[in-house]
Amino acid sequence: MLEKEYYPQQIEKKWFDIWEKSNPYRADDNSSKPKYYALSMFPYPSGKLHMGHVRNYTITDVVARFKKAQGYNVLHPMGWDSFGLPAENAAIQHGANPETWTLDNIAYMKKQLKMLGLSVDWDREVTTCLPDYYKWTQWLFIQLYKKGLAYKKTAPVNWCDKCHTVLANEQVIDGKCWRCDSEVTKKNLSQWFLKITDYSEELLKDLDLLTGWGDNVKTMQSNWIGKSEGAILKFKVKEIEGLEIPVYTTRADTVYGITYLVVAPEYKDIEKLTTPENMQKVQEYRENAKKLSEIERLSTERIKTGVPLGTHFINPFTGRVCPIWVADYALVDYGTGAVMAVPYHDDRDFDFAKKYNLPMIQVITGDDFVDGKCYTNKQGKLINSAQFDGMRADEAREKITKFAIEKGFGEFKTQYRLRDWLVSRQRYWGAPIPVVYCPKCGAVPVDEKDLPVLLPKDVDFKVQGKSPIETSPTFKKAICPVCGGLAERETDTMDTFVCSSWYYMRYSDAKNDKKCFDKDLVNKWLPVDQYIGGIEHAILHLLYSRFITKALRDCGLLDFDEPFKNLLTQGMVLKDGSKMSKSKGNTVDPDDIYKNFGADTARLFILSDSPPARDFDWTDAGVEGCYKFICRVYRLFSKYQNQIKLDYNFDFSKLSKKDSDLVRETHIAIKKITNDIENEFQFNTVISRYREFTNSIYDYIANESEINYDVLSFALLTLLKLISPVCVFMAEEIYSSLGGADSIHNISWCKYDDNLAKTANITLIVQVNGKIKDKLEVEADLSDDKLKELATSAPKTAEFIQGKTIVKTIVVPNKLVNIVVK
RNA sequence: GCCGAUGUGGCGAAAUUGGUAGACGCACCAGACUCAAAAUCUGGCGUGGUUCACCCCACGUGCCGGUUCGACUCCGGCCAUCGGCACCA
């Protein structure tokens, strides 16, 4: 029996306990049904769920439940991105053990997720900080190493002093650390990299295959990869026989306008290129450049500086001899580290030449050319460029490069902005990089049978200035797997983004202790059909995962090219106009919502007001509104629980108008809700339909004596099924109280009859010259001629037509008639 | 500077192929129920004009222009907000 009023706490507790015991949402590896893989970005176990999590996982859960009801074999897993600095910082600050801290948080948050009613297959739970997972992260690292995709090199890398570790390029946001927001400096260190640049072109090109991704994310990735097509041109140094300076340019069409050349302060040949009399000034300049922070140096606002080296180069096109300068607006790690300067046609060169009084030569002109101003139009015509005069700039670019190739001082070159992924971290709480250093054999990967390389427990977290892992008295000692001699273990751990770049593959075979995953299983379940998470991973996680997928494909471990077929980036959860955050004090604790209104209310509300991709504004009034709606639905069922028939039966042709109208409303509701879910998961309109349909049912029952209980049963049970993916606890409670044998969540999705999914009458709009003059209630599906006749003879239209000539009449079936008169 | 997204009532928003702009909700107002309140149910709710009122008329989807019988929707040109990239040669 249903209670008269709705008590969410009791109902949700009851089903929480039942589902806890049965784990009813196992994905079946052997099912013959088509598979559907619904995936949420897994959480970092920071302590408690926040509303962003609630939104993310509710959306994915409704998708998973909808697809299951539609007959798919659904995989909807969950896990924990559980390595990373917060655990280590807790250890440093409160003396906690990072592992205990992390596992405690996981236990708490797991319970919160279960209270949210997620249809997750908990048998496949993955925890990246546990050895049964990171063993395989290490194993994958070794496969990449063998394939030449993991390597160690000394390079200027990003260093965060506060986090005391290096960072990947992707983790430096506006010159600051992505985690702690402190300024990042450059350090020259020997570090491990993954060769993502081998895949630059494929990562860019395959964005076109990702038709289920938003343009925003694809554009961000494309910007980040930063492809540019140009040429390398080589210039001979006048003073030094045999020395050449190659430059990279996308504007080969401007070579006749070169008046100087700039090298970066870190340029490799810079000392050779400096004359003794300039040496002191050049060295001073370089020292100064080193002191500047990345932020200062990359600021476009800054006034450009530089000093001449004293040497010169010969422009092979013109034979002109021009000076070589050092200036920090040339970047050592892009192109060749040297830039040809064409002041008249490049803003930066223009500023620089003005400041130091360097000559300018105009070589491009056009209608919009203004004398004395830098002219960067790429459609202009060449002048002062010998045989290339009169050509359009974009054509000349190719011709001039070809000319340079023929003469042996140039080549075409495609350049990418993307850099290799720096993956080593000087921190404790991560997967140890499985490498040992042997005095004889150098850096050697650990023998695969010796994996995992376990994190040592005998460490001191309070140590300053180095990784806690270094304080272990035992960890470093190792035997070289090649020669058997004494060796030293690598103490760096991996970037957590390595762990998270393959977790969604592990779900396909989460408990396998022989392999990272079975090839057949990973090929069966992946690619992910729908991935849902925050936009903040547009570059980081999503780019890394795409790279790892392609790399593992090339290692022969799987057979697909892209990991995520469809991607939904959900908007933020706001309150009072800004993002919920502890510092602003505008957070809402999911536990409080569970306690006061129940998880079903939280789920309904978080889906209700905005489409998933847009930001969502949390309001207390909105939550209450949703709670009231759930009560309103519940009351319908509790009121008629004795009349509702699970085996309802009626003959549509014999129904009264009122009954048949409700049947039609029911079919319309099924159709619209199904379409709205399938069309980009527009849950906000889905919920509007729930309300509309519920309002229709309330209208229907207004007169008790006219109720046909078979028709009412049909409508109510349909509503219950339609609402069941969102209000999971209430739907289950009602259905089981009505005597349903199975769980409502195991019942197939409702079908609709297209002939019944429309109203019996329509409102015909009558326009004269495009202005609405009348609205007529008429039978649906009348012929065009009949509609025309009805419209012209309508009394209100008559006065507008009278005395005028009808030029034409436009009929839109079932909608409108427009009479055009003169 | 380049690229992407967005722009509709007091607020969140809706609107197959161009075809009733504002569905659904929040807030607000009124009525019913009640001794009263809450809850619940019913109705109203873009702006301006006109009217005792019903009606009716004009305007209205960031701005300007165009195509069309008809434009939130298509085209051209702007503006604003948010986000990404950026001394990348």
Side-chain angles (χ1 to χ4, degrees), chain A residues 5 173-174 214-228 230 247-251 254 262 264 297-304 327-331 333-342 345-349 351-352 376 415-417 535-536 538-539 574 577 605 608-611 613-626 628-629 631-632 635 672 675-676 679 682 684-695 698-699 702 762-772 774-775 796 807-821:
Chain A
E5 291 296 323
I173 317 288
D174 293 330
D215 283 340
N216 52 347
V217 178
K218 287 198 275 187
T219 311
M220 280 189 224
Q221 291 214 354
S222 156
N223 284 346
W224 188 260
I225 295 167
K227 181 178 182 172
S228 89
V247 302
Y248 174 73
T249 181
T250 55
R251 293 299 305 272
T254 62
V262 174
R297 196 173 153 183
L298 295 180
S299 164
T300 46
E301 247 79 298
R302 220 175 106 240
I303 291 162
K304 294 185 178 26
D328 60 10
Y329 80 88
L331 306 174
D333 53 0
Y334 186 79
T336 62
V339 186
M340 63 179 222
V342 186
H345 304 292
D346 181 281
D347 288 319
R348 294 151 300 184
D349 300 341
D351 291 347
F352 193 79
T376 55
Q415 188 73 38
Y416 299 91
R417 213 189 62 96
I535 187 80
E536 67 274 17
I539 294 172
L574 312 176
F605 177 52
S608 65
D609 268 0
S610 304
R614 233 184 284 181
D615 286 350
F616 175 86
D617 210 353
W618 183 279
T619 60
D620 295 337
V623 182
E624 280 169 40
C626 284
K628 284 179 188 171
F629 173 68
C631 294
R632 188 168 148 87
R635 273 197 304 274
K672 285 186 168 170
N675 288 347
D676 281 353
N679 177 28
Q682 289 192 46
N684 55 327
T685 56
V686 167
I687 286 157
S688 300
R689 310 287 176 220
Y690 291 161
R691 291 176 185 275
E692 277 178 337
F693 185 35
T694 304
N695 289 345
Y698 264 90
D699 287 347
I762 55 124
T763 309
L764 182 72
I765 304 303
V766 183
Q767 296 181 331
V768 176
N769 287 345
K771 301 249 178 207
I772 296 161
D774 204 358
K775 297 174 187 181
K796 281 188 189 164
V807 183
K808 61 174 159 175
T809 309
I810 289 135
V811 180
V812 182
N814 278 338
K815 276 206 175 118
L816 141 163
V817 176
N818 185 14
I819 304 160
V820 187
V821 297

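On a predicted model such as this, the values are computed, not experimentally measured, just so you know. In what follows, every chain begins at residue 1, and chains take the letters A, B, ... in the order their sequences are listed. We use all heavy atoms of the structure for the numbers below, so side chains are in, but hydrogens, waters and symmetry mates are not.
Residue N223(A) places its side chain closer to G84(B) than to any other of G70(B), G84(B), A14(B). Considering only side-chain atoms of R632(A), the nucleotide from G19(B), U42(B), A14(B) that sits closest is U42(B). When the nucleotides U40(B), A14(B), A86(B) are ranked by their closest atom to the side chain of R635(A), U40(B) comes out on top. The side chain of V339(A) sits closest to A89(B) out of A89(B), U42(B), G25(B). Here the side chain of M220(A) is nearest to one of C87(B), G12(B), G83(B), namely G83(B). The A621(A) side chain lies nearest to C26(B) when the options are A13(B), C26(B), C3(B). Of all nucleotides listed (A89(B), G12(B), G4(B)), G4(B) comes nearest to the side chain of D215(A). The side chain of S688(A) lies closest to A23(B), out of A23(B), U20(B), C3(B). Distance from the side chain of D609(A) is smallest for G12(B) among the nucleotides C87(B), G12(B), A23(B). Among the nucleotides U42(B), G25(B), G12(B), the one closest to the side chain of R691(A) is G25(B).
Contact check, Y334(A) against A89(B): a side-chain N or O comes under 4.0 Å of OP1 or OP2. The side chain of R348(A) places no N or O atom within less than 4.0 Å of a non-bridging phosphate oxygen (OP1 or OP2) of G1(B). Note on N814(A): every side-chain N or O is 4.0 Å or more away from OP1 and OP2 of G19(B). Residue Q682(A) has no polar side-chain atom (N or O) positioned under 4.0 Å from OP1 or OP2 of A23(B).
Atom NZ in K227(A) sits roughly 19 Å away from atom P in A86(B) (whole-Å rounding). The CE atom of M340(A) sits 14 Å away from the P atom of C88(B) (whole-angstrom rounding). With rounding to whole Å, E624(A) atom CD is found 14 Å from A38(B) atom P. C24(B) atom P lies 17 Å from atom OH of Y698(A), rounded to whole Å. Rounded to a whole Å, the OH atom of Y329(A) is 19 Å from the P atom of A86(B). Computed from coordinates, the L574(A) CG to C26(B) P distance equals 20 Å when rounded to whole Å. Between the P atom of A13(B) and the CZ atom of F616(A) lies a distance of 10 Å, rounded to the nearest Å. Atom CG of N679(A) is separated from atom P of A14(B) by 12 Å (rounded to the nearest Å).
For the C1' atoms, the distance from G44(B) to C54(B) is 15 Å, rounded to whole Å. Between the P atoms of G22(B) and U61(B), the separation comes to 14 Å (whole Å). For the C1' atom pair drawn from G10(B) and C28(B), the interatomic distance equals 9 Å after rounding to whole Å. Distance noted for atom C1' between A71(B) and C64(B): 16 Å (whole Å). For the C1' atom pair drawn from A86(B) and A14(B), the interatomic distance equals 39 Å after rounding to whole Å. The gap from the C1' atom of U68(B) to that of G18(B) amounts to 9 Å, rounded to the nearest Å. A38(B) and A30(B) have their P atoms separated by 12 Å, given to the nearest Å. Annotation: A36(B) and G31(B) have their P atoms spaced 13 Å apart (nearest Å).
D351(A) comes within 4.0 angstrom of nothing in the nucleic acid, heavy atoms only. Residue contacts for Q415(A): at a heavy-atom cut-off of 4.0 Å it reaches no nucleic acid atom on any strand shown. Among the heavy atoms of the strands lying under 4.0 Å from N216(A) are primed sugar atoms or P, OP1, OP2 only; no base atom is included. Within the nucleic acid shown, K218(A) has no heavy atom closer than 4.0 Å to any nucleic acid atom. Residue A341(A) is out of contact with every strand shown, counting any heavy-atom pair closer than 4.0 Å. Across all strands shown, I772(A) has heavy atoms under 4.0 Å from sugar-phosphate atoms exclusively, and none from any base. Across all strands, R689(A) comes closer than 4.0 Å to no nucleic acid atom at all (heavy-atom distances). At the heavy-atom level, R417(A) lies under 4.0 Å from base atoms of the strands shown.
One cannot find a donor-acceptor pair under 3.5 Å joining the base of A14(B) and the side-chain atoms of T685(A). A donor N or O paired with an acceptor N or O is not found under 3.5 Å between the base of C69(B) and the side-chain atoms of K808(A).
Residues meeting the side chain to side chain contact (heavy atoms under 4.5 Å, CB included) test with K672(A), sequence neighbours left out: I668(A), R689(A). Partners of V821(A) by side chain to side chain contact (heavy atoms under 4.5 Å, CB included), not counting sequence neighbours, listed by chain and number: V768(A), N769(A), I801(A), K804(A), I806(A), I819(A). Under the rule for a side chain to side chain contact (heavy atoms under 4.5 Å, CB included), the partners of N684(A) that lie at least two apart in sequence or sit in another chain are P611(A), Q682(A). For K808(A), the side chain to side chain contact (heavy atoms under 4.5 Å, CB included) partners at least two apart in sequence or on another chain are I810(A), V820(A). With sequence neighbours excluded, the residues that form a salt bridge (charged side-chain N to carboxylate O under 4.0 Å, His left out) with D328(A) are R302(A).
In this structure, R691(A) forms a cation-pi arrangement with F629(A), its terminal cationic atom sitting closer than 6.0 Å to the ring centre and no more than 45° off the ring axis.
Of the residues near RNA chain B, V820(A) and Y416(A), the one whose nearest nucleotide (by heavy atom distance) lies more toward the 5' end is V820(A). Two residues, R614(A) and C626(A), neighbour RNA chain B, and the one matched to the more 5' nucleotide by heavy-atom proximity is R614(A).
A glycosidic torsion no more than 90° from 0 defines the syn conformation, and G9(B) adopts it.
Formation of a donor-acceptor pair under 3.5 Å by the S222(A) side chain with backbone atoms of K218(A) is not found in this model.
The CG atom of D346(A) sits 8.0 Å away from the OG1 atom of T254(A) when rounded to the nearest 0.5 Å.
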RNA chain B in dot-bracket form (Watson-Crick or G-U pairs under 3.5 Å, [ ] crossing, | inter-strand) is (((((((..(((......[....))).(((((.......))))).((((......))))..(((((..]....))))))))))))....

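Looking only at atom types and distance, the side chain of Y329(A) has a donor-acceptor partner in the side chain of D349(A) under 3.5 Å away. Side-chain atoms of Y248(A) and S228(A) form a donor-acceptor pair, as typed in the model, at a separation below 3.5 Å.
Ring centroids of Y334(A) and Y416(A) are separated by 6.0 Å or more, keeping the two rings apart.
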